[in-house]
Amino acid sequence: MARYIVHRLLLMIPTLLGVAALVFLLLRVLPGDIVELKYAGSGTFAPREAIEREKAQLGLDKPLWRQFVDWIGGIARLDFGTSMWTGRPITYEIAIRLELSLELAIMATLVAVLISVPLGTIAALKQDTWVDYFVRIFSIAGLAIPSFWLGIIIILVFIIFFHWLPPLTFTSFRVNPKANLQQLIWPALAVGYRYSAVATRMTRSAVLEVLREDYIRTARAKGLWEKTVLTRHALKNALLPVITVLGLEFAFLVGGLVVTEQVFNLNGIGKLFVEAISQRDYTMVQSLVVLTAFVFIFVNFLVDLVNALIDPRIRYQ
Amino acid sequence: MRPMYRSTRLLVLTVLLLIAALPVRRSFAAQTEKPRYGGELVFAVGGTPPSFDGHRETTFAMLHPLAPHYSTLLRFDPQAYPKIVGDVAEDKWTVSRDGLTYTFKIRKGIKFHDGSDLTSKDVKATYDKIIFPPEGVASARQASYGVVKSIEAPDPYTVVFQLKQISASFIANLASPWNFIYKADILAKDPRWYEKNVMGSGPFVFVEHVPGSYWTGKKNPNYYMKDRPYLDTFKAIFVRDTAPRVAAVRSGQALIEFRGFNPAAQEDIVKTLGKEAVVQESPWICNLTVTINSEKKPFNDPRVRRAMSLAIDRWNASKALSKISLMKYVGGVFRPGSQFATPEAELTKLAGFRKNIEASRKEARALLKAAGVPEGFSFTLKNRNVKEPYEVTGIYTIDQWRQIGLNVNHVMQEEGPYFNDLRQGNYDAAIDFACDFMDEPDLQLQKFLSAKKSPLNYGRYNDEVLDDLYDRQSRLTDKAERLKVLRQFEKRVLDEQAYQFHILWWQRIVPHWTKVQGWKITPSHYVNQDLRDVYLK
Amino acid sequence: MTMAQETARAARTRASGRRIRAWLRVALRFARRRPLGAAGALIILVMLAAAVLAGFIAPYDPLTTDYAAMLQAPSAPHWLGTDAFGRDVLSRIIYGSRTALIVGFCASFLGASLGTVMGVASAYFGGKTDLIVQRFMDLLLSFPLIVLALVVVAVLGTGTLNVILAIMVPMIPRAALVARSSALSLRETPFIDAARALGFGHARIIFRHLLPNVMAPYLILLTAFLGQAILLEASLSFLGLGVAEPVPAWGLMLSGAAVEFAERAPWMAIFPGIAISVSVFAFNLFGDSLRDALDPKLRVS
């Protein structure tokens with residue numbers, strides 16, 4: 001097991017290096033001088049020396065390979081360099097926004113589980129009834145409704161009918177859980193609903209499959225109470241594919257966060273990312289992309305790990 | 001020219017300034033009640049400060065959270081814009097008879113937030129940085145101070161500015177809200193220190209900044225005005241999109257947003273707040289123009305440019321766009337209603353400003369025909385990627401051009417690429433904007449001067465007639481005479497050559513909670529933001 | 001006209017009639033066995049018709065502003081109301097289906113096709129080529145869809161063409177992955193060996209023999225991508241990083257003004273959202289059913 005984990009973790013390094021190289025090159029083929037662009041954007045007429053100095057400060061005057069090596073070296077030390085836009089360390093800019101986005105991601109996942117597991121199970125138990133159809137449509141709709149639109153509608157309902165708006169500035173859960181939840185529960189719902197869609201269908205088919213297994217039939221035949229059968233056996237076995245699906249659909253979560261943070265004016269990583277792209281803050285964009293790629297790869301690894309742990313049939317090489 | 005004559009001219013200019021000092025709008029009842037102390041003012045800001053250096057930045061998103069931390073040399077009277085009074089300088093200053101030497105006395109007892117005394121040394125260092133920036137330091141408004149020869153600090157409480165030539169707008173430029181007074185010792189060590197740090201002498205001391213989220217400050221107990229500020233603390237929350245910003249005010253999460261909302265948002269806010277809401281309105285020294293790349297074909301033909309201006313129905317735009325956006329007033333190169341503005345009767349004689357749009361469009365089509373493009377043509381309109389009022393205006397203008405056969409591809413860009421393309425001439429036509437902190441021909445006409453003279457001119461044309469008219473108006477002391485030259489300038493830019501032409505001027509509407517008192521709207525969202533006089537009821 | 005010619009013609013007509021009838025039978029069977037999929041297909045057809053015939057069925061020009069009719073509620077002249085510029089919302093939604101379908105089709109067609117060709121080629125050549133292509137695809141796969149799309153926008157800028165590219169790029173590795181695994185099993189089959197023995201070129205083998213055999217997964221991918229592409233386009237436009245006004249596009253209709261005026265003109269915020277949801281819903285329904293129908297292995301679950 002330990003060997004498997006180490007092996008997988010080591011495998012992540014070349015992938016991440018590749019990701020970093022790809023993003024780095026993509027953002028460097030851009031036409032125009034990025035520092036000049038930045039000055040232009042603020043409407044300031046910067047003298048040539050000011051631009052050159054700033055480039056030197058950002059390390060942009062060095063040859064490309066050197067810039068890349070420096071950047072990678074920095075990342076290895078968890079130093080992502082400075083943001084071209086604000087001049088502050090990228091690590092700092094990310095750190096102040098990470099808590100919000102992480103919490104939102106966790107809450108959205110919880111919402112997704114809370115929606116998908118019960119709905120999927122009910123649909124399986126009532127297979128081919130109107131309940132089943134309703135759940136299917138509900139889950140396919142979840143894939144179709146853009147989470148930003150759902151967010152817009154939620155905000156509209158609040159402001160029009162209640163003259164109320166979820167708090168605009170972030171309060172940490174540790175400081176004030178109520179204010180914190182008030183702010184994050186709505187975007188978590190908007191993202192979580194979409195995130196739940198595939199998981200609901202997975203739960204349904206997993207439960208269906210389990211219900212057909214011999215031992216469940218036996219259990220039922222033995223007259224065990226329906227609820228016990230369900231919780232003891234069926235759900236336990238259905239959980240694995242649900243986790244897998246949530247992990248595989250992690251991209252949905254990221255996508256949902258990126259747009260929903262805009263709608264709810266949440267100062268998280270997603271908003272930072274979109275702003276960095278708008279402001280052409282290239283150092284920030286490349287760092288954030290590597291970071292998301294890392295999280296993405298890591299989540300996939302965790303999914304495999306959980307699968308391996310839960311199901312001894314899955315072998316780890 | 002004899003010095004005597006010059007000083008008379010200066011006197012006239014001062015009088016002019018005083019005339020300009022008449023209050024913009026008297027709807028605000030004189031405050032009889034006594035201001036209350038204490039409380040926190042929460043306001044929304046529609047952007048985030050890129051850096052903290054006022055000398056370098058050009059966005060209100062930097063000014064609104066940062067202005068409360070700083071003093072300036074002169075300032076606009078918060079209750080009587082555009083009257084200019086002293087801030088760290090005393091209210092009376094002297095000008096030499098030749099109009100070339102300005103002497104300011106610095107108030108005694110002003111302290112920086114670190115406890116040190118603010119002296120003339122700091123004022124000199126500040127203006128040296130702005131006007132003669134050290135190598136590697138960017139200064140946004142260096143060009144406005146081209147007349148300054150030197151700055152001296154003969155004693156700790158005296159500052160002297162020596163000018164190369166007479167300038168009508170010099171005093172106004174010293175009241176610029178951007179020119180925060182920095183500490184000389186800090187600038188000497190690191191001229192870029194203020195990009196990432198805050199340390200001024202203003203009414204509020206910096207407390208905390210969470211990038212992308214909020215900015216807070218607390219009362220400066222050692223502020224030089226003993227009875228100010230009234231507020232204990234302030235908090236600026238950053239809300240980039242309009243809809244949540246409006247919602248922030250409606251829900252009471254912010255009590256005010258200083259830049260301004262459109263009439264629709266105003267209605268929503270008033271409807272929600274009822275008696276708790278008060279609305280302050282003012283014209284705005286901001287406008288949107290169409291700038292045309294005069295180097296490109298067919299735009300190098302003045303007939304084509306003129307046709308493009310003729311096609312735009314400003315009067316209808318004013319009626320329609322003023323309901324859904326900040327765009328409102330039909331005007332030429334000066335803000336309608338300002339002392340320099342062209343009266344409507346004269347304005348409506350200029351191409352594109354006539355009230356009969358059908359006749360104008362007919363002329364436009366005829367011009368296109370004469371220019372050899374009878375079927376119209378296609379081109380790209382570059383615009384800033386900001387919903388209001390840029391996108392709104394883009395949509396309107398494109399539709400107007402469609403009606404004379406011009407097919408427009410709308411390209412919306414973020415500021416960086418947008419300005420970069422404009423400066424490098426990498427565009428056909430663009431929606432450009434101008435915002436100034438006061439009505440002053442020297443400021444407003446700058447962007448129309450020859451490209452080789454004005455970095456603000458993206459039209460890529462050189463026109464000596466315009467340059468000449470500009471210099472002449474700058475020296476004319478007789479208002480009627482000056483207005484005559486200004487009219488000539490306007491006619492040449494907008495009508496004859498149509499290098500760049502105005503679409504509409506903006507309206508500034510600030511609906512806020514009645515609780516917020518002591519803040520008075522001005523025609524510029526840049527001034528009057530140090531919150532010195534603001535209190536909560 | 002001779003008898004023979006006439007007979008031949010009649011035979012041709014009969015043959016084509018038979019073919020049409022055969023298609024109809026397939027379609028009907030599909031509809032009967034998968035009503036949800038058929039419903040999806042129906043919606044897609046309606047959408048296609050709307051896009052193609054927009055010029056005829058839209059009551060107004062989507063670009064024409066009418067300031068006498070700003071922010072009007074749904075009524076007889078404007079079924080779905082008007083927006084802040086007095087433009088007819090229904091007409092903009094109808095024309096918006098063009099943008100959605102053009103961007104969606106181009107992006108998913110290019111993405112799925114390029115990906116499939118690369119996947120098949122990589123499986124066919126095997127060895128080092130396969131390894132390199134796979135490594136590269138793995139790299140692209142380690143970005144969430146929207147992140148990769150946003151990076152492409154950051155590099156290329158906004159605009160319709162760039163949006164198509166931005167959506168296409170993340171589709172490629174996903175298609176390649178599926179196509180490669182389907183093609184791997186084909187590589188060792190006798191008919192490929194025979195083709196090789198006959199001295200056919202690589203290109204011919206790949207295009208003539210391998211690709212037709214991965215048509216089923218290709219079609220499944222294409223429909224699956226379509227829904228995602230439409231959604232992604234809407235998201236990008238909503239973020240201000242997609243197509244620009246005044247081009248009618250659903251995501252764009254939801255950004256800015258729609259939210260700002262949502263209180264007095266809720267139709268502006270509601271109908272474009274419904275249009276997005278319904279069309280993506282339709283593509284998902286259809287795609288699911290198509291997958292079930294084309295992929296017998298999946299039918300069980």
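Labels below follow one simple rule: chain letters A, B, ... track the order of the sequence lines, proteins then strands, and each chain is numbered from 1.
Aromatic rings of A/Phe298 and A/Phe301 (six-membered ring for Trp) have centroids within the 6.0 Å cut-off, being under it.
Of the atoms belonging to A/Leu22, it is side-chain heavy atoms, and not backbone ones, that fall under 4.5 Å from chain C. For A/Ile140, the parts lying near chain C are the backbone and the side chain together; criterion is any non-hydrogen pair under 4.5 Å. Contact of A/Val23 with chain C is made through the side chain alone, with heavy-atom distances under 4.5 Å. Only the side chain of A/Ile152 comes within contact range of chain C, judged by heavy atoms closer than 4.5 Å. Neither the backbone nor the side chain of C/Phe283 comes within less than 4.5 Å of any heavy atom in chain A. Proximity to chain C (any heavy atom under 4.5 Å) is shown, for A/Leu150, by neither the backbone nor the side chain. If you measure heavy-atom distances from C/Phe238 to chain A, the contacts under 4.5 Å come from the side chain alone. Both the backbone and the side chain of A/Val19 come within less than 4.5 Å of a heavy atom in chain C. Within the 4.5 angstrom heavy-atom criterion, only side-chain atoms of A/Phe273, from C-beta onward, approach chain C.
Side-chain contact between A/Trp149 and C/Ile276 is absent, with no heavy atoms from C-beta onward closer than 4.5 Å. Contact of the A/Lys271 side chain with the A/Gln262 side chain is registered, since non-hydrogen atoms from C-beta on lie closer than 4.5 Å. When side chains are defined from C-beta on, A/Phe24 counts as touching A/Gln67, because their heavy atoms get closer than 4.5 Å. Residues A/Leu156 and C/Glu263 form no side-chain contact, since every pair of their non-hydrogen atoms from C-beta on lies 4.5 Å or further apart. You'll find the side chain of C/Leu71 stays beyond 4.5 Å of the side chain of C/Asp83, heavy atoms only. In this structure, the side chains of A/Met12 and A/Phe294 come closer than 4.5 Å at one or more pairs of heavy atoms.
The nearest pair of heavy atoms linking C/Val155 to A/Leu26 is CG2-O, 3.6 Å.
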Side chain to side chain donor-acceptor pair (under 3.5 Å) between C/Thr160 and C/Asn162, intermediate numbers included
CA-CA 6 Å; C/Thr160 312; C/Asn162 293 343; over 6 Å; no
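No side-chain N or O of C/Glu233 forms a donor-acceptor pair with one of C/Thr99 less than 3.5 Å apart.
Among the candidates C/Ile274, C/Leu148, C/Leu145, C/Leu140, the residue making the largest number of heavy-atom pairs closer than 4.5 Å to chain A is C/Ile274. Comparing C/Val152, C/Val153, C/Ile270 by heavy-atom pairs within less than 4.5 Å of chain A, the highest count is held by C/Ile270. Of the listed residues C/Val278, C/Leu285, C/Asn284, C/Asp138, the one with more heavy-atom pairs under 4.5 angstrom with chain A than any other is C/Asn284. No other option in A/Ile155, A/Val263, A/Leu143, A/Val285 has as many heavy-atom pairs under 4.5 Å with chain C as A/Leu143.
Residues of residues 224-232 of chain C having a heavy atom under 4.5 Å from any heavy atom of chain A, listed by number: C/Leu231.
Remark: A/Glu261 pairs with no residue by the salt bridge (Lys or Arg N to Asp or Glu O under 4.0 Å) rule, at least two apart or across chains.
Between the side chain of C/Arg98 and the backbone N or O of C/Ala51 there is at least one donor-acceptor pair closer than 3.5 Å.
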